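The residues of the chain are indexed from 1 along the displayed sequence. Note that the coordinates shown come from a computational prediction; the quantities given were computed from them, not determined experimentally.
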Amino acid sequence: DAEAAASAGAFAMVLECVPSDIARDISAAIEIPTIGIGAGGDCDGQVLVTHDLLGMHTGYIPKFVKSYANLGEQLVGAITDFCDEVRTGKFPGRDHEFK
């Protein structure tokens with residue numbers, strides 16, 4: 001299928017959740033670049049969903065995800081603080097108004 005897609009004019013191919021040995025074989029067999037997501041390091045490039053990269057996920061996390069930060073907790077905290085301040089009238093304050 002990969003060879004057929006390349007022959008049909010595909011300019012690149014995303015290999016998602018493909019076993020790494022198969023991704024390696026596909027990458028070697030076709031002329032166009034392969035981009036892996038959960039397909040091992042033998043693809044020509046890699047992609048990772050920004051939310052996963054930044055640790056902005058909840059619940060199930062796929063095996064191939066690597067988080068480089070844990071912004072999910074910070075985001076929830078920031079949004080909670082904002083909502084609390086709006087509800088209590090603390091925000092916006094006078095220093096946030098145009099004169």
Side-chain angles (χ1 to χ4, degrees):
D1 289 344
E3 290 172 342
S7 294
F11 65 89
M13 187 170 299
V14 175
L15 304 177
E16 183 171 356
C17 297
V18 174
S20 60
D21 57 337
I22 295 171
R24 181 190 61 240
D25 292 347
I26 291 171
S27 296
I30 60 177
E31 297 283 329
I32 62 176
T34 57
I35 306 299
I37 180 167
D42 290 313
C43 293
D44 298 304
Q46 298 293 321
V47 65
L48 188 59
V49 175
T50 303
H51 280 66
D52 292 335
L53 185 146
L54 296 176
M56 298 167 50
H57 38 62
T58 59
Y60 174 74
I61 302 169
K63 179 180 181 173
F64 59 82
V65 168
K66 180 176 180 181
S67 297
Y68 291 83
N70 187 8
L71 299 184
E73 289 180 18
Q74 289 180 291
L75 289 170
V76 170
I79 292 167
T80 299
D81 292 347
F82 168 74
C83 291
D84 289 346
E85 287 191 9
V86 170
R87 285 188 196 102
T88 62
K90 186 175 179 180
F91 180 82
R94 294 280 183 216
D95 52 341
H96 303 109
E97 297 176 354
F98 284 95
K99 308 283 187 235

*Using the test side-chain contact (heavy atoms from CB on, under 4.5 Å), find all partners of Asp95 that sit at least two apart in sequence or belong to another chain.*
none
*By side-chain hydrogen bond (donor to acceptor under 3.5 Å, both in side chains), which residues pair with Asp25, not counting sequence neighbours?*
none
*Heavy-atom count around Glu97 CD within 6.0 Å, excluding the residue itself: above 12?*
yes
*Among all residues two or more places apart in sequence or in another chain, which pass the side-chain contact (heavy atoms from CB on, under 4.5 Å) test with Lys90?*
Glu85, Thr88
*asked:* Could you report the tightest heavy-atom contact between Arg94 and Lys99, atom names first, then the distance?
replied: O-NZ, 3.1 Å
Side-chain donor-acceptor pairs of residues 35-57 under 3.5 Å, sequence neighbours excluded:
from	atom 1	to	atom 2	distance (Å)
Asp44	OD2	Thr34	N	2.8
Asp44	OD2	Thr34	OG1	3.3
Gln46	NE2	Gly40	O	2.9
His57	NE2	Ser67	OG	2.7

_Shared-cluster residues of Ile30, by chain and number - hydrophobic side chains joined below 4.5 Å_ = Met13, Leu15, Val18, Ile22, Ile26, Ile32
*Between Asp21 and Arg24, is the closest basic N to carboxylate O distance under 4.0 Å?*
no
*By side-chain contact (heavy atoms from CB on, under 4.5 Å) - contacts of Asn70 (at least two apart)*: Glu73
*Taking atom CZ of Phe91 as the centre, does the number of heavy atoms from other residues, nucleotides or ligands within less than 6.0 Å exceed 12?*
yes
